[in-house]
S.K.: 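Let me give you the structure first, and then I'll get to my questions.
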Amino acid sequence: MLYKYKDSYKKIAMGLLSFIPDLKDISHLQTELDWYQKDASRFLYLWKNENGDFSGVVGFELVNKQVIVRHIALSPAERNEGVTYKILDELANLYPEAKMMGSLEIAAIITKWEQRKDGE
């Protein structure tokens, strides 16, 4: 289940975002976290697994009825397409009128997710 980021989740969010190779450096990680917090059109949500543990994070922008996914990171134990697709499913449910898109790094995941969804 997705939970909207709040300051009390900062350490958890930073830990999860640090799984993204470009965000290993703590100063870059902090800059990215600040980037999400400085604009009302940018969002960070944490994913809680079936055991009730935070195990993933998704960051996105909402621009002109488009959800542009910038980051998705999962703890190593949760890394599989099924969990990623659950996160994208919930995100699509939160913004049913919006078209789901992704950054260059995320676009292929979004395409696979859409193909799977269309095939159901």
S.K.: May I ask whether W113 and W47 are part of the same hydrophobic cluster, defined by side-chain heavy atoms of I, L, V, M, F, W, Y residues being less than 4.5 angstrom apart, directly or through others?
M.R.: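 As far as the 4.5 Å side-chain criterion goes, W47 and W113 are connected within one cluster.
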S.K.: Using every non-hydrogen atom in the two residues, find where Y85 and I109 come nearest and quote the distance to one decimal.
M.R.: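 Looks like CE2-O, 4.2 Å.
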S.K.: Rounded to the nearest 0.5 Å, what's the gap from CD1 on I68 to OG on S103? Could you check?
M.R.: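 Going from CD1 on I68 over to OG on S103, the span is 9.5 Å.
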S.K.: For the residue pair D53 and S55, confirm or rule out a side-chain donor-acceptor distance under 3.5 Å.
M.R.: no
S.K.: What about F54 and Y9, are their ring centers closer than 6.0 Å?
M.R.: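 When the ring centroids of F54 and Y9 are compared, they turn out to be within the sub-6.0 Å range.
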S.K.: Do M1 and V83 sit in the same hydrophobic cluster, where Ile, Leu, Val, Met, Phe, Trp and Tyr count as joined when their side-chain heavy atoms come under 4.5 Å apart?
M.R.: no
S.K.: If you round to the nearest 0.5 Å, how far is CZ of R42 from OH of Y5?
M.R.: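 Between atom OH of Y5 and atom CZ of R42 there are 14.5 Å.
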S.K.: Should the ring pair F60 and F43 be called parallel, tilted or perpendicular, given that the plane angle runs from 0 to 90° and is split at 30 and 60?
M.R.: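 If you compare the ring of F60 with that of F43, the planes turn out parallel.
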S.K.: Here's a test for you: under side chain to side chain contact (heavy atoms under 4.5 Å, CB included), which of N93, I106, I110 qualifies with L88?
M.R.: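 Result: among N93, I106, I110, I110 is the only option passing the side chain to side chain contact (heavy atoms under 4.5 Å, CB included) with L88.
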S.K.: Could you tell me whether K86 and E78 have a side-chain N and a carboxylate O separated by less than 4.0 Å?
M.R.: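 A salt bridge is absent here (no side-chain N lies under 4.0 Å from a carboxylate O).
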S.K.: Hydrophobic clusters here meaning ILVMFWY residues chained together by side-chain heavy-atom distances under 4.5 Å, can you tell me if I87 and Y3 are in one?
M.R.: no
S.K.: Please report the shortest heavy-atom distance between S75 and F19, naming the atom on each side.
M.R.: CA-CE1, 3.7 Å
S.K.: Roughly how far apart are L46 CG and K4 NZ, rounded to 0.5 Å?
M.R.: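 If we round to the nearest 0.5 Å, L46:CG and K4:NZ are 13.0 Å apart.
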S.K.: Is it true that, when you exclude D25 itself, more than 12 heavy atoms of the residues, nucleotides or ligands shown sit nearer than 6.0 Å to its CG?
M.R.: yes
S.K.: Examine V57 and I12 and state if one hydrophobic cluster contains both, with Ile, Leu, Val, Met, Phe, Trp and Tyr joined whenever side-chain heavy atoms are less than 4.5 Å apart.
M.R.: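 Same cluster.
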S.K.: Judged by atom type as modelled, is there a donor-acceptor pair below 3.5 Å linking the side chain of H28 to the main-chain atoms of D22?
M.R.: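 Checking the backbone N and O of D22 against the side chain of H28, a donor-acceptor pair under 3.5 Å is found.
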S.K.: If you group Ile, Leu, Val, Met, Phe, Trp and Tyr by side-chain heavy-atom gaps below 4.5 Å, do L74 and Y45 land in one group?
M.R.: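 Linked within one cluster.
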S.K.: Working to the nearest 0.5 Å, report the span between OH of Y95 and CE of M100.
M.R.: 10.0 Å
S.K.: If you define the side chain from C-beta out and look only at heavy atoms, does anything of L44 sit under 4.5 Å from L33?
M.R.: yes
S.K.: Taking the side chain as every heavy atom from C-beta outward, state whether M14 and I26 have any pair of such atoms under 4.5 Å apart.
M.R.: yes
S.K.: Quick one: CG on L94 to CG on L62, what's the gap to the nearest 0.5 Å?
M.R.: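 With rounding to 0.5 Å, CG (L94) is 10.5 Å from CG (L62).
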S.K.: Under the 6.0 Å and 45° cation-pi test, does R70 pair with Y36?
M.R.: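 Because its charged atom misses either the 6.0 Å distance or the 45° angle limit, R70 does not stack over Y36.
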S.K.: Might you work through the side chain to side chain contact (heavy atoms under 4.5 Å, CB included) test for H71 and I20, ending with a clear yes or no?
M.R.: CA-CA 8 Å; H71 298 101; I20 298 171; 3.5 Å; yes
S.K.: Within this structure, what is the CZ-OG1 distance for the pair R116 and T111, rounded to the nearest 0.5 Å?
M.R.: 13.0 Å
S.K.: Take D34 and Q30 through the test side chain to side chain contact (heavy atoms under 4.5 Å, CB included) and record every step on the way to the result.
M.R.: CA-CA 6 Å; D34 291 344; Q30 185 61 55; 2.9 Å; yes
